[in-house]
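Notes for the one structure printed next.
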Amino acid sequence: MKSTFKKLLPFAVVGILSGATTVGVQQYLVHDSNNGDQSYFTKSNNASFVGMNTATVGDDFVKASKMTVPAVVTIKNYQNRASSRASEQDLFDFFFGDPLGGKGQQRQKQQQAPENMPSGLGSGVIISPDGYIISNNHVVAGANKLEVVLSNKKSYIATLVGTDPNTDISLLKIEEKGLPYLNFANSDNIEVGQWVLAVGNPLGLNSTVTAGIISAKGRGIGILSGQGKATNPIESFIQTDAAINPGNSGGALVNVNGDLIGINSAISSTNGYYQGYGFAVPANLARKIIEDIKKFGIVQRGFLGVNSLDLSNDQQVAFYNQEKKTNIKTGSGVYIIGLPDNSGAQDAGMKIGDIITKIDGVNITDFADLSVAIGSKRPGDKVQVTYTRNGKETTSTVTLRDQKGGTSARTKADLSVTEKIGAEFQSLDDRTKAYYGLSSGVVAKNVVEGSEIAKAGIVDGYIITEINGKPVNSQKDVENLLNKFTGTGQIKYMDDYGRGYQRGFKMP
């Protein structure tokens with residue numbers, strides 16, 4: 001029961017990353033920064049909704065299709081997948097599409113795709129004339145080479161600028177000028193029932209356009225934390241009934257003006273193919289993430305600093321009441337069950353038992369609302385938090401912090417060694433050393449998808465014995481060896497079966 005409860009309860013410190021979201025981002029988009037990096041990617045200010053006149057709809061679909069198709073690309077992911085686990089294969093196939101026939105079991109049986117054959121196919125959207133392309137994190141994960149193919153069949157090798165597993169967004173760059181691109185619409189303004197088009201490359205079919213409506217907004221489906229590598233996921237998906245299939249991932253969801261309102265990411269399906277529900281990352285969230293990546297090299301994550309209980313989730317509340325012997329009632333809002341030390345919320349006077357109802361005047365009905373409202377902010381930003389305590393409503397100003405308690409932006413240069421390479425390490429106990437006949441070793445944990453460690457073939461649970469020819473016995477050993485190291489290093493490790501490997505990795 002306890003383990004089930006932990007899976008259901010989002011104990012992650014709320015505040016979530018400062019990627020822009022469907023709630024609370026409008027001010028960010030209205031007040032453009034004077035910094036060129038901050039406002040680099042264009043947006044559309046004239047988003048409108050299609051009427052129900054069928055002739056108008058047809059014309060608008062043609063116009064939007066002509067605008068969108070040239071700006072949507074195919075992304076081919078080439079990688080050495082010999083050491084991939086079955087669970088990673090499943091996620092890859094579910095999200096991504098399989099150029100070898102769409103069979104996850106077939107993919108698991110093959111140890112390594114031929115060098116001239118991509119491991120997976122996805123989509124991307126050109127968002128600037130000089131070659132910046134937005135896609136999903138899972139589309140590019142694990143790649144040692146990324147090929148981008150335009151709608152005119154011209155091909156480029158892309159540079160991966162950065163990724164964010166917490167929102168499933170990635171940013172790529174190809175060297176070209178004068179490319180067709182899409183403008184960002186303000187996804188805060190979309191409405192349920194609005195006509196949309198999904199454009200991508202599903203099932204290996206290039207430049208496919210499907211139409212539908214927005215079925216719902218602010219959907220949290222648990223896929224980023226449940227099947228991905230997100231540690232602090234933000235899920236506020238746009239749900240659409242426009243047909244989305246494997247291979248659509250990373251493609252465009254546009255309004256009838258051809259403006260980008262979302263990045264197609266996932267489907268809800270019992271068989272891995274379209275059954276009526278597709279999900280897209282809202283444009284505001286995607287835009288904020290890529291602007292952070294472009295300017296800082298990493299996503300700036302602002303945190304409110306609370307552990308929370310979603311009062312709208314009946315099952316979650318029931319498990320909490322059973323576990324803690326409490327009698328909390330279900331309803332609207334987010335109930336604070338914990339305040340970590342050095343918490344912005346705690347410093348602002350908030351307490352366990354308070355129920356958060358608004359952020360900056362925007363209603364908070366559930367955990368997804370809270371995460372995306374804070375997700376539009378960076379460390380150091382201030383938010384107005386409205387909460388009830390014993391039936392009385394109070395509003396406090398909270399200064400957001402990063403996970404280390406800081407209130408200023410960080411760049412890649414500020415990251416620790418383990419943050420740079422994308423993993424943490426636990427000392428190996430004597431019993432395990434004796435079992436494998438080792439004199440040294442650390443166990444990899446919390447390996448970040450797409451990180452340098454992951455690219456070397458290491459996943460959670462693998463044992464690292466040497467780095468650059470030196471034995472390692474603790475995380476401190478790893479940090480000391482790599483603290484000032486640059487270039488390509490060598491790492492020796494063992495998999496779950498005791499098989500040894502030696503691989504190279506690039507120190508960021």
Side-chain angles (χ1 to χ4, degrees), residues 78-84 137 140-146 157-166 170-173 229 231 292-301 379 402-406 408-429 432-433 436 438-495 499-508:
Y78 297 84
Q79 57 181 289
N80 180 347
R81 307 189 54 216
S83 61
S84 295
N137 174 66
V140 303
N144 53 40
K145 183 176 76 170
L146 291 166
I157 299 302
T159 299
L160 182 60
V161 181
T163 66
D164 180 42
N166 288 308
S170 63
L171 180 64
L172 295 78
K173 179 73 165 62
K229 295 284 187 175
T231 54
D292 273 0
I293 290 173
K294 185 174 185 294
K295 179 175 175 60
F296 302 104
I298 58 175
V299 176
Q300 303 302 305
R301 306 176 187 273
D402 62 25
Q403 286 184 299
K404 294 182 177 295
S408 58
R410 304 172 74 203
T411 66
K412 282 187 176 181
D414 300 316
L415 299 179
S416 66
V417 166
T418 53
E419 287 175 320
K420 287 179 180 179
I421 62 177
E424 297 176 355
F425 305 95
Q426 180 177 322
S427 297
L428 201 62
D429 59 78
T432 305
K433 285 182 181 179
Y436 287 109
L438 300 173
S439 58
S440 64
V442 291
V443 180
K445 60 179 185 177
N446 299 326
V447 176
V448 177
E449 184 176 357
S451 65
E452 294 305 317
I453 285 293
K455 290 177 184 177
I458 296 172
V459 298
D460 287 359
Y462 281 17
I463 298 172
I464 291 88
T465 56
E466 293 182 8
I467 295 178
N468 291 341
K470 304 289 185 180
V472 289
N473 287 290
S474 66
Q475 181 159 302
K476 188 174 182 180
D477 286 348
V478 177
E479 292 171 346
N480 288 340
L481 282 171
L482 297 178
N483 185 34
K484 296 183 179 180
F485 179 78
T486 58
T488 301
Q490 296 290 329
I491 190 166
K492 287 186 178 181
Y493 64 90
M494 292 174 49
D495 65 15
R499 296 174 297 197
Y501 302 86
Q502 179 171 311
R503 296 284 187 270
F505 69 98
K506 185 178 179 181
M507 188 65 189

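What you see is a predicted model; the values in this text were computed from it and never measured. Atom set for the values below is all heavy atoms of this structure, side chains included, hydrogens, waters and symmetry mates excluded.
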[X] versus [Y]: any side-chain heavy-atom pair under 4.5 Å?
| X | Y | value |
| --- | --- | --- |
| Val442 | Ile464 | yes |
| Arg503 | Tyr493 | yes |
| Met507 | Leu482 | yes |
| Asn144 | Lys455 | no |
| Asn468 | Leu481 | no |

Starting at [atom1] of [X], measure out to [atom2] of [Y] and round the result to the nearest 0.5 Å.
| X | Y | atom1 | atom2 | answer |
| --- | --- | --- | --- | --- |
| Ile421 | Lys506 | CD1 | NZ | 15.0 Å |
| Thr411 | Ile298 | OG1 | CD1 | 6.5 Å |
| Gln426 | Asn446 | CD | CG | 10.0 Å |
| Ile458 | Ile491 | CD1 | CD1 | 3.5 Å |
| Gln475 | Asn480 | CD | CG | 11.0 Å |
| Asn137 | Asn166 | CG | CG | 9.0 Å |

- Query: Parallel under 30°, tilted from 30 to 60°, perpendicular over 60°: which one fits the rings of Phe505 and Phe485?
  - Reply: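 Plane angle between 30° and 60°, so tilted.
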
- Query: Can you list the residues that meet the salt bridge (charged side-chain N to carboxylate O under 4.0 Å, His left out) rule with Asp495, with sequence neighbours excluded?
  - Reply: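 For Asp495, the residues satisfying salt bridge (charged side-chain N to carboxylate O under 4.0 Å, His left out) (neighbours in sequence not counted) are Arg499.
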
- Message: Which residues pass the side chain to side chain contact (heavy atoms under 4.5 Å, CB included) test with Leu428, not counting sequence neighbours?
- Response: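 Checked Leu428 against side chain to side chain contact (heavy atoms under 4.5 Å, CB included); matches are Thr432, Lys433, Leu438, Val443, Ile463.
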
Closest approach of [X] and [Y], non-hydrogen atoms and distance?
| X | Y | answer |
| --- | --- | --- |
| Asp414 | Ala409 | OD2-O, 4.3 Å |
| Ser170 | Thr163 | CB-CG2, 3.7 Å |
| Gly406 | Pro379 | O-CB, 3.8 Å |
| Val459 | Val447 | C-CG2, 3.9 Å |

- Message: Has Ser440 got a side-chain atom pairing as donor or acceptor with Asn473's backbone, closer than 3.5 angstrom?
- Response: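 Pair absent, no side-chain N/O of Ser440 close to backbone of Asn473.
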
- Query: Do side-chain atoms of Asp402 reach the backbone of Arg301 as a donor and acceptor pair under 3.5 angstrom?
  - Reply: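 No, because the side chain of Asp402 does not come within donor-acceptor range (under 3.5 Å) of the backbone of Arg301.
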
